[in-house]
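Atoms considered below: every heavy atom in the structure, side chains included; atoms not considered: hydrogens, waters and symmetry mates. Each chain gets a letter, A, B and so on, in the order the sequences are listed, and its residues count up from 1. Note that the structure is a prediction, hence the values are computed from the model and not measured.
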There are 2 protein chains.
Amino acid sequence: MTRSTNPNFMNGVPELLILRLLKDREMYGYELVQAIRAVTREAVSLGEGVVYPVLHALEKDGALKSRRKPVNGRTRVYYTVTPAGQKRLGALVNTWTKLNDAVSGALQGGSYAAHTI
Amino acid sequence: MTRSTNPNFMNGVPELLILRLLKDREMYGYELVQAIRAVTREAVSLGEGVVYPVLHALEKDGALKSRRKPVNGRTRVYYTVTPAGQKRLGALVNTWTKLNDAVSGALQGGSYAAHTI
DNA sequence: GTATTATACCTTGAACCAATAGGTAATAAC
DNA sequence: GTTATTACCTATTGGTTCAAGGTATAATAC
């Protein structure tokens, strides 16, 4: 029903944002969690339990590739977008935009459709 | 993975569209299925297996109320939005708009975005 | 006159995905 | 030396869309 942190309409949004952010520069999971909060101005706040599984699924699908990099004794796993990932991002942005336009139109008093039954 | 009919990003959209359409006038389930197709210009096409459960859930929650009306020997179940439903619609539109702005900003802008405080 | 389509309602099962709540381990701060 | 922060991870739950069924009447086609 009502989500405590994020509202509905979140289907596919984590994947979309992650791909979009990684398109600009390589990042690691923990960094992505905060970057998403920052870039959406707290409108979207994803837990690590959301981000990591998405990263692993995207890598398994060949949309991302990773490299391990030790920093200050800790190990970070940096992700970058593959060509397949870029393509996937493009498709996601496309469908997201289309759906958005459709719903926006429907919300704003949509009576451009004259349907009678 | 890939949906055959509708893409991702559909979470909560059926409920939003149904409430929005019923706000203007009472409709019945089968009519809503076609109205949604029409108002979104085929961008969203919901099956009856999606619409009916949402209608029942919304009525159970007190957001809709129904009346049975015989038309041409068949029985139609017409739904209207209750005050609680109007409130729910308002909240949904609000969160949908906010999320939209956030994701749009993230998609277009690089690191940060237009309006600071 | 019967076969097919359209109308109109419904439920069940599977699949997907975000969210919560855990768990491990190292460094930094106090 | 206890807590907070960094940084990784998994398992389970719950909610929701979707496909694929099922029932029944009215209109149309052949």
Collect all protein-nucleotide pairs involving nucleotides 20-26 of chain D in which both atoms are nitrogen or oxygen and the distance is under 3.5 Å.
unit_1: D:dT25; atom_1: O2; unit_2: B:Arg74; atom_2: NE; d: 3.2
unit_1: D:dT25; atom_1: O2; unit_2: B:Arg74; atom_2: NH2; d: 3.3
unit_1: D:dA26; atom_1: O4'; unit_2: B:Arg74; atom_2: NH2; d: 3.0

Length of the [atom1]-[atom2] vector between [X] and [N], whole Å:
X	N	atom1	atom2	value
B:Lys69	C:dA8	NZ	C1'	15 Å
A:Met10	D:dT16	CE	P	14 Å
A:Leu99	D:dT17	CG	C1'	13 Å
B:Leu17	D:dT17	CG	C1'	13 Å
B:Leu32	C:dT7	CG	C1'	15 Å
B:Asn11	D:dG14	CG	P	17 Å
A:Ile36	C:dA19	CD1	C1'	14 Å
A:Asn8	D:dG14	CG	C1'	12 Å

Name the closest nucleotide to the [X] side chain, picking from [options].
X	options	result
B:Tyr30	C:dC17, C:dA8, C:dT11	C:dA8
A:Leu46	C:dA19, D:dC8, C:dT11	C:dA19
B:Pro14	C:dA19, D:dT10, D:dT17	D:dT17

### Sequence neighbours excluded - ring pair (Phe, Tyr, Trp, His ring centres under 6.0 Å) pairs with any residue from residues 20-47 of chain A
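Counting only pairs at least two positions apart or across chains, the ring pair (Phe, Tyr, Trp, His ring centres under 6.0 Å) contacts touching residues 20-47 of chain A are A:Tyr28-A:Tyr78.
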### Task
Would you list the pairs meeting ring pair (Phe, Tyr, Trp, His ring centres under 6.0 Å) in which at least one residue belongs to residues 46-71 of chain B, sequence neighbours left out?
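Sorted pair list comes back empty.
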### Query
Partners of B:Arg74 by salt bridge (charged side-chain N to carboxylate O under 4.0 Å, His left out), sequence neighbours excluded?
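Scan of B:Arg74 (salt bridge (charged side-chain N to carboxylate O under 4.0 Å, His left out), adjacent residues dropped) gives none.
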### Task
Report the residues that fulfil salt bridge (charged side-chain N to carboxylate O under 4.0 Å, His left out) with A:Arg67, sequence neighbours left out, ordered by chain and then residue number.
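Salt bridge (charged side-chain N to carboxylate O under 4.0 Å, His left out) list for A:Arg67, sorted by chain: A:Glu26.
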### Query
Is B:Arg88 salt-bridged to B:Glu15, cutoff N-O under 4.0 Å?
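A salt bridge links B:Arg88 with B:Glu15.
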Would you say [N] has OP1 or OP2 under 4.0 Å from some side-chain N or O of [X]?
X	N	value
B:Tyr52	C:dT11	no
B:His56	C:dC9	no
A:Tyr28	D:dC8	no

### Task
Take B:Val50 and A:Arg68, find for each the nucleotide of DNA chain D with the closest heavy atom, and name the residue whose nucleotide sits nearer the 5' end.
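Upstream on the strand: A:Arg68.
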## Note on the structure
Annotated structure of DNA chain C as dot-bracket, pair cut-off 3.5 Å, Watson-Crick or G-U only, | for inter-strand, is ||||||||||||||||||||||||||||||
### side-chain contact (heavy atoms from CB on, under 4.5 Å) involving B:Thr97 - partner list, sequence neighbours excluded
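Scan of B:Thr97 (side-chain contact (heavy atoms from CB on, under 4.5 Å), adjacent residues dropped) gives B:Val93, B:Asp101.
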### Message
Checking B:Lys87 now: which residues fulfil side-chain contact (heavy atoms from CB on, under 4.5 Å) with it, not counting sequence neighbours?
### Response
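B:Lys87 satisfies side-chain contact (heavy atoms from CB on, under 4.5 Å) with no other residue.
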### Query
Under the side-chain hydrogen bond (donor to acceptor under 3.5 Å, both in side chains) test, which residues partner B:Ser66, sequence neighbours left out?
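With sequence neighbours excluded, B:Ser66 shows a side-chain hydrogen bond (donor to acceptor under 3.5 Å, both in side chains) to B:Glu59, given in chain and number order.
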#### Entry: B:Thr75-B:Arg68 side chain donor-acceptor pair, cut-off 3.5 Å
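Short answer, no.
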### Query
Counting N and O atoms only, with roles assigned by atom type, does the side chain of B:Arg20 sit under 3.5 Å from a partner on the main chain of A:Leu107, one being a donor and the other an acceptor?
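Yes.
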